[in-house]
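Only one structure is covered here, and it is reproduced in the block below.
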Amino acid sequence: MALLSIENVCVSYDKVEAVHNVSLSIEAGQIVTVIGTNGAGKTTLMMAIIGLLKSKGRMEYLGQDLARLDVESRVGQGLCLVPEKRELFHDMSVYDNLILGSYSREDRSQVPQDLEGVFERFPRLKERRSQMAGTLSGGERQMLALGRALMSRPKLLMLDEPSLGLAPLIVREIFRTIASLRETGVSILLGEQNARAALETADYGYVIETGEIVQSGPANTLIHDEKLIAAYLGGH
Ligand code: ATP
């Protein structure tokens, strides 16, 4: 059984349909990428999955019909979205931002242990644990956004363009980290403009254009599609 399976999903803003008949699935432990340019519909799709936008079609998560769950229940059951803008609490420290990430959890006994896990994964956050989030560099903010998401112990982590606006070296570091999250058992849905980086990290890929899936396949096949790689170089 897939962890998340969506079928013929459509999402509209007023009368304009931004996502049209999208079907995709993610198995437990998989990294799946949705590749698309600005405005293709990646954010809209993720917002619908988390429940912040209404959608038509069928979405199943952990064998349940997602339509029956409100946003809070979806988050409580391990769905987590890291938005493109990496919205952090700027006037709060790195440490406080991380702790806030754990607030959706009912069982708090393992929060200190998970915090140590995040600091091991991101030593730079550990060094800066007392620094205000608003003073971090772009790469550090992305790390904090990822770390904060991990503090919620997600089952399915949706990352909206984690490479956006970051220097190539930092992008590599972020993608290495994303790949390393496999060992924690978390599944990942990765929205990206940068096809090469995304496909090097993912197991399976979908290409979305003006709200529709136009191509899909195993990442290690898509990565050899030179036209695709040339068309989606990322916004850097
Ligand atoms: P980006 O990388 O630029 O965020 P994206 O692939 O995430 O692109 P979306 O943000 O999902 O794309 O946008 C899909 C389409 O929906 C675009 O045509 C966009 O203009 C439109 N759209 C997005 N948000 C709204 C909104 N709040 N109201 C109306 N139209 C919207």
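Numbers here simply count residues along the sequence, with the first being 1. Read the numbers this way: they start at 1 and go in the same order the structure lists the ligands and their atoms. Because only heavy atoms are used, hydrogens play no part in the values below, and waters and symmetry mates are left out as well, while side chains stay in.
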Practice item. Before giving the answer on salt bridge (charged side-chain N to carboxylate O under 4.0 Å, His left out), spell out for K56 and E17 the whole-Å C-alpha distance, their side-chain angles and the decisive distance to 0.1 Å. Key: CA-CA 11 Å; K56 286 192 196 138; E17 202 171 73; 5.6 Å; no

Exercise for review: Could you pull out all residues at least two apart from Y95 that satisfy ring-ring contact (aromatic ring centres under 6.0 Å, His included)?
Suggested key: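 Here no residue qualifies.
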
Review point. So, T44 and Y13: side-chain donor and acceptor under 3.5 Å apart, yes or no?
Key: yes

Point to revise | ILVMFWY clustering at 4.5 Å (side-chain atoms), partners of V207 | key: I35, L199, V214, L222, I223, L228, I229, Y232

Study note, to complete from the structure: Near ligand 1 (heavy atom, under 4.0 angstrom), the protein residues are Y13, A18, T37, N38, G39, A40, G41, K42, T43, T44, E84, E161, Q193

Point to revise | Any residue meeting side-chain hydrogen bond (donor to acceptor under 3.5 Å, both in side chains) with Q110, in chain and number order, not counting sequence neighbours | key: R153

Exercise for review: Count the heavy atoms of every other residue, nucleotide or ligand shown that sit under 6.0 Å from CZ of R108, and state whether that count exceeds 12.
Suggested key: yes

